[in-house]
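Have a look at the structure below, then the notes.
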Amino acid sequence: MARLSTCIFLFSLIIIASLVGGSEGWLDRYRHIYIKNGLGEGTPLTIHCKSRDDDLGVHVLKSKEEFKFQFQINFHQSTLFFCGFTWEEKLHWFDIYDWSRDKDVCSPDCKWSIMRENPCLYDYDTQKYELCYFSYH
């Protein structure tokens with residue numbers, strides 16, 4: 001019986017260590033996503049963001065307004081949020097957070113500006129939205 005208790009105790013320690021330690025510890029599993037209307041004056045941006053489990057609803061942003069949400073990375077580290085962006089009656093969509101792409105870049109904040117040509121990620125080194133090599137789907 002003592003051997004079984006020891007095995008359960010050790011197994012529990014391993015599970016706790018994997019949640020707390022490592023490159024993606026338990027305390028830094030939250031992400032904050034900021035989405036800014038970068039379309040220019042007079043062009044409202046309608047956004048609708050979702051994950052497999054959450055629907056964040058529809059939001060309309062005036063020029064330079066920002067929408068923010070946060071979430072916790074799932075246990076399998078496969079979190080994905082995608083958003084539909086509508087302006088001038090045309091729909092564009094983009095994976096606003098994809099753990100496999102953003103795990104090292106967006107820790108803990110991911111700041112996006114939605115531009116006409118493409119979404120641009122905020123560059124913390126230059127303090128500008130100039131990482132614009134992403135494409136709408």
What closest approach, in Å, do [X] and [Y] show between heavy atoms, and which atom pair accounts for it?
X    : Y    : value
G84  : W93  : CA-CB, 4.1 Å
I96  : C83  : CG2-SG, 3.6 Å
V60  : T46  : CG2-OG1, 3.8 Å
C110 : L121 : SG-CD1, 3.9 Å
C120 : M115 : SG-CG, 3.7 Å

Can the ring centres of [X] and [Y] be said to be less than 6.0 Å apart?
X    : Y    : result
Y34  : Y122 : no
W99  : H76  : no
F81  : F69  : yes
F82  : F94  : no
F85  : H92  : no
Y129 : W112 : no

Within 6.0 angstrom of H137 NE2, more than 12 heavy atoms from elsewhere: yes

Whether R31 side chain and S107 backbone form a donor-acceptor pair below 3.5 Å: no

D102 side chain vs V105 backbone, donor-acceptor pair below 3.5 Å: no

